[in-house]
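Below you'll find the structure, written out as structure tokens, and then a few comments.
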Amino acid sequence: MKIRQNISFRLASYTDAAGKYTPEAFRSGNEDNFYVDDDLTDSTTNRVAQDEVLQLGELGMLMVVADGMGGMNAGEVASQIAVDTVKSAFNAEALTASVTASSQSRQKYLEQVIRQADKNIKSEARKDSSREGMGSTIIMAWLFDDELTISWCGDSRAYIFNDKSGIRLIYQDHSYVQELVNKGMLTYDQTFDHPQNNIITRSLGDPTKDARPESKTLKVGKGDIILLCSDGLSGVLRDRKTYDTNGQLFPEENIEDIIRTHTSSMKECREALWIAAERGGWYDNVTAILCQITDGPESLWATTPATSNASNGNNHKNKTWLFVGGGLLFAAAIIAAFFIGKWSHGQIDENPSLNDSISEVKTDSATIIDSVPTEKADAPIEDNTTEVKDRPSVQEQIKKQAEEKADTTSRPNGLTKIEKRDSGKKPKSKGNGKLTPIEDKFKKDNTDNPLAPTNPKKDNITDNPLNNQ
């Protein structure tokens with residue numbers, strides 16, 4: 001029988017309309033929702049005392065982020081339905097011994113909950129035509145003993161940070177640009193301003209198909225920090241220091257450096273992420289949950305080699321030079337063979353039309369992917385001619401929170417979605433140009449994604465954190 005670990009942790013969590021703040025809208029334009037249960041053993045739900053050190057209960061703790069989509073008074077409904085479905089499924093009575101027995105059983109249960117949330121959203125959409133097309137992403141993280149089991153559907157993200165090994169993305173997004181990165185058609189940097197970076201390939205509420213969640217389990221230990229966030233944060237701040245194709249460092253702040261500077265307080269870390277995202281030109285709702293393991297077994301991530309901050313740019317440059325060098329060698333070989341052939345026949349034909357012996361390979365760029373990806377639907381376009389004067393800055397909000405001595409996790413009164421980039425405010429460009437997506441079913445190369453390769457095993461828990469990438 002496995003010996004239970006003595007785990008303690010502390011939390012911070014918050015959601016904000018952020019880049020889609022609209023004072024007259026429901027919840028000021030915030031379609032995100034989140035849920036935290038710091039002790040699944042008791043009957044108290046959604047209680048988080050910011051930065052209070054807590055002992056992990058027998059049934060563990062749960063964190064959830066849902067990013068709604070689908071237009072005015074719909075996206076926030078979908079994300080709320082997703083959260084409510086999770087609440088009803090995670091109570092002490094439902095979490096039987098068969099559910100909690102293993103990482104496989106916990107993964108299975110999380111995926112069942114996600115599929116039920118998908119059904120509940122679709123059922124509600126059928127009842128009200130004004131909510132047709134509403135949907136949500138979801139990410140759930142269940143910390144049970146020293147194992148973190150994560151299930152997700154969509155592009156909300158989960159990271160793990162350790163001071164010695166840096167930050168790592170735990171899994172790959174269900175997004176169109178991630179598929180292009182996997183195929184080697186885009187670099188990580190180019191996803192930031194790609195014209196289709198708001199397209200997700202899996203979600204809750206998609207009327208054309210059932211939800212298809214994925215799961216992963218990994219070990220955590222003392223000093224590890226887990227970050228769950230909506231793409232309103234990860235779409236503005238890069239994961240770590242990154243270099244462009246010319247070897248120039250992108251000057252913007254990044255998630256890794258911010259967390260590394262604020263490991264002593266998750267509340268201060270959350271606030272620093274907010275300030276950086278606002279400075280970075282946030283354009284969407286922002287939600288984040290931070291969980292730091294303050295005591296427990298030694299972290300396997302602490303003994304894992306740190307990921308180089310320069311890896312993104314250098315990998316791209318090395319790859320570029322490799323292709324250039326290989327292309328030149330190949331071209332030289334073709335030319336040499338051509339001239340040797342002509343010499344052997346005693347002549348060199350100067351007619352250029354006869355030298356075109358290599359057929360051009362053409363790819364049908366109209367075909368992108370086999371299935372139609374789910375795109376976050378457009379909400380009614382707001383009139384942006386009226387300046388919003390009442391929006392407090394992040395610093396003002398933090399000051400107010402400090403004065404009230406509360407950084408509450410309860411949702412603000414009120415909620416609405418103003419779709420990505422529909423406000424007329426184009427996010428600051430952070431990529432290196434846009435590429436037209438071209439289908440290539442055979443090319444699989446993750447090297448430009450700084451965090452990517454997936455583990456093909458269904459139960460991919462391992463003592464080696466590198467295998468959980």
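Numbering starts at 1 and runs along the sequence shown. FYI, side chains are in, hydrogens and waters are out, and symmetry mates aren't considered; it's all heavy atoms of this structure.
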Between Asp173 and Arg157, does any NZ, NE, NH1 or NH2 come within less than 4.0 Å of an OD or OE carboxylate oxygen? yes
Pair Ser79-Asn33, side chain to side chain donor-acceptor pair (under 3.5 Å): steps then yes or no: CA-CA 6 Å; Ser79 62; Asn33 265 289; 2.8 Å; yes
Identify the two heavy atoms, one from Leu148 and one from Ala141, that lie closest to each other, and give their separation to 0.1 Å. CD1-CB, 4.0 Å
Under 6.0 Å from the six-membered ring centre of Phe192 and within 45° of its axis: does the NZ or CZ of Arg238 meet both? yes
Could you walk me through whether Glu271 and Lys267 pass salt bridge (Lys or Arg N to Asp or Glu O under 4.0 Å), step by step? CA-CA 6 Å; Glu271 292 169 350; Lys267 181 177 181 292; 2.7 Å; yes
When rounded to the nearest 0.5 angstrom, what distance separates CD1 in Ile226 from CG in Leu11? 9.0 Å
Could you go through Tyr14 and Val286, starting from their C-alpha distance and side-chain angles, then the distance that decides it, and tell me whether this counts as side chain to side chain contact (heavy atoms under 4.5 Å, CB included)? CA-CA 8 Å; Tyr14 199 68; Val286 178; over 6 Å; no
Heavy-atom donor-acceptor pair, Thr137 side chain to Asp67 backbone, under 3.5 Å: yes
How far apart are the closest heavy atoms of Asp257 and Thr261, and which atoms are they? O-OG1, 2.7 Å
Just by distance, do the side chain of Gln50 and the backbone of Ser13 share a donor-acceptor pair under 3.5 Å? yes
Assess the pair Tyr159 and Tyr171: is the distance between their ring centroids shorter than 6.0 Å? no
Strictly distance-based, threshold 3.5 Å: is any side-chain N or O of Gln190 a donor or acceptor partner for the main-chain N or O of Thr187? yes
Arg10 backbone acceptor or donor facing Asp51 side chain under 3.5 Å: no
Rounded to the nearest 0.5 Å, what separation is found between the CD1 atom of Ile199 and the CD atom of Gln178? 14.5 Å
Return the minimal non-hydrogen interatomic distance between Cys153 and Ala211, and the atom names on each side. SG-CB, 4.3 Å
Mind checking the CD-CG spacing from Glu253 to Leu273? Nearest 0.5 Å is all I need. 9.5 Å
Taking the side chain from Gln5 and the backbone from Gly296, do they hold a donor-acceptor pair closer than 3.5 Å? no
Can you find a pair of side-chain heavy atoms, one from Asp146 and one from Ile7, that are under 4.5 Å apart? yes
Please walk me through it: do Thr217 and Ser103 pass side chain to side chain donor-acceptor pair (under 3.5 Å)? CA-CA 7 Å; Thr217 297; Ser103 60; 4.6 Å; no
Salt bridge (Lys or Arg N to Asp or Glu O under 4.0 Å) between Asp284 and Lys20: does it pass, once the steps are laid out? CA-CA 5 Å; Asp284 202 353; Lys20 288 189 173 179; 3.6 Å; yes
Should Ile167 and Arg260 be marked as a side chain to side chain contact (heavy atoms under 4.5 Å, CB included) after you check the CA-CA gap, both sets of side-chain angles, and the distance that decides it? CA-CA 9 Å; Ile167 196 168; Arg260 190 184 299 279; over 6 Å; no
Testing the basics here: between Ile293 and Leu143, what is the closest heavy-atom pair and its distance to 0.1 Å? CD1-CD2, 3.8 Å
Polar side-chain atom of Ser265 near backbone of Glu268 as donor-acceptor pair, under 3.5 Å: yes
Asp38 and Phe9: CA distance, side-chain angles, deciding distance, side chain to side chain contact (heavy atoms under 4.5 Å, CB included) verdict: CA-CA 9 Å; Asp38 57 22; Phe9 62 94; 4.3 Å; yes
Side chains of Ile258 and Ile275, heavy atoms from C-beta outward: is any pair under 4.5 Å? no
Distance (rounded to the nearest 0.5 Å) between Gln80 CD and Thr85 OG1: 9.5 Å
Contact between Val177 and Leu186 at the side-chain level, heavy atoms closer than 4.5 Å - yes or no? yes
With distance as the sole test, does Glu298 use its side chain to make a donor-acceptor pair with the main-chain N or O of Lys222 at under 3.5 Å? no
When you measure from the side chain of Asn162 to the backbone of Lys164, do you find a donor-acceptor pair of N or O atoms at a distance under 3.5 Å? yes
Audit row: Glu147, Arg106, salt bridge (Lys or Arg N to Asp or Glu O under 4.0 Å) steps and yes/no: CA-CA 10 Å; Glu147 295 177 359; Arg106 293 193 294 275; 2.5 Å; yes
Supply the atom-to-atom distance Ile170 CD1 to Ile150 CD1, rounded to the nearest 0.5 angstrom. 3.5 Å
Quickly, which of Asp32, Asp16, Asn30 forms a side chain to side chain donor-acceptor pair (under 3.5 Å) with Thr287? Name it, please. Asp32
Is any side-chain heavy atom of Val236 closer than 4.5 Å to a side-chain heavy atom of Tyr283? yes
Quick one: do Asp239 and Tyr188 satisfy side chain to side chain donor-acceptor pair (under 3.5 Å)? Show the steps, please. CA-CA 10 Å; Asp239 299 345; Tyr188 166 70; 3.3 Å; yes
Non-hydrogen atoms of Ala12 and Arg270 that approach each other most closely: CB-CB, 4.4 Å
Apply side chain to side chain contact (heavy atoms under 4.5 Å, CB included) to residues Leu180 and His194 and explain how you reach the verdict. CA-CA 11 Å; Leu180 296 180; His194 192 278; 3.9 Å; yes
So, Arg240 side chain and Ile255 main chain: donor-acceptor pair closer than 3.5 Å or not? no
Leu54 and Met61, any side-chain heavy atoms less than 4.5 Å apart: no
Here the gap from Met140 atom CE to Glu111 atom CD, rounded to the nearest 0.5 Å, amounts to 10.5 Å
Show, in sequence, the C-alpha distance, side-chain angles and deciding distance for Thr294 and Ser8, and conclude whether the side chain to side chain donor-acceptor pair (under 3.5 Å) test is met. CA-CA 6 Å; Thr294 57; Ser8 60; 2.8 Å; yes
Does the ring center of Phe161 lie less than 6.0 Å from the ring center of Trp301? no
Test side chain to side chain donor-acceptor pair (under 3.5 Å), reference Glu214, set Gln172, Gln107, His174, output is His174
Can you find a pair of side-chain heavy atoms, one from Phe90 and one from Tyr109, that are under 4.5 Å apart? yes
Side-chain donor/acceptor of Asp206 to backbone N/O of Ser203, under 3.5 Å: no
So which atom in Gly60 and which in Trp142 form the shortest heavy-atom distance, rounded to 0.1 Å? CA-NE1, 4.4 Å
Quick check: do Val64 and Val36 have side-chain heavy atoms less than 4.5 Å from each other? no
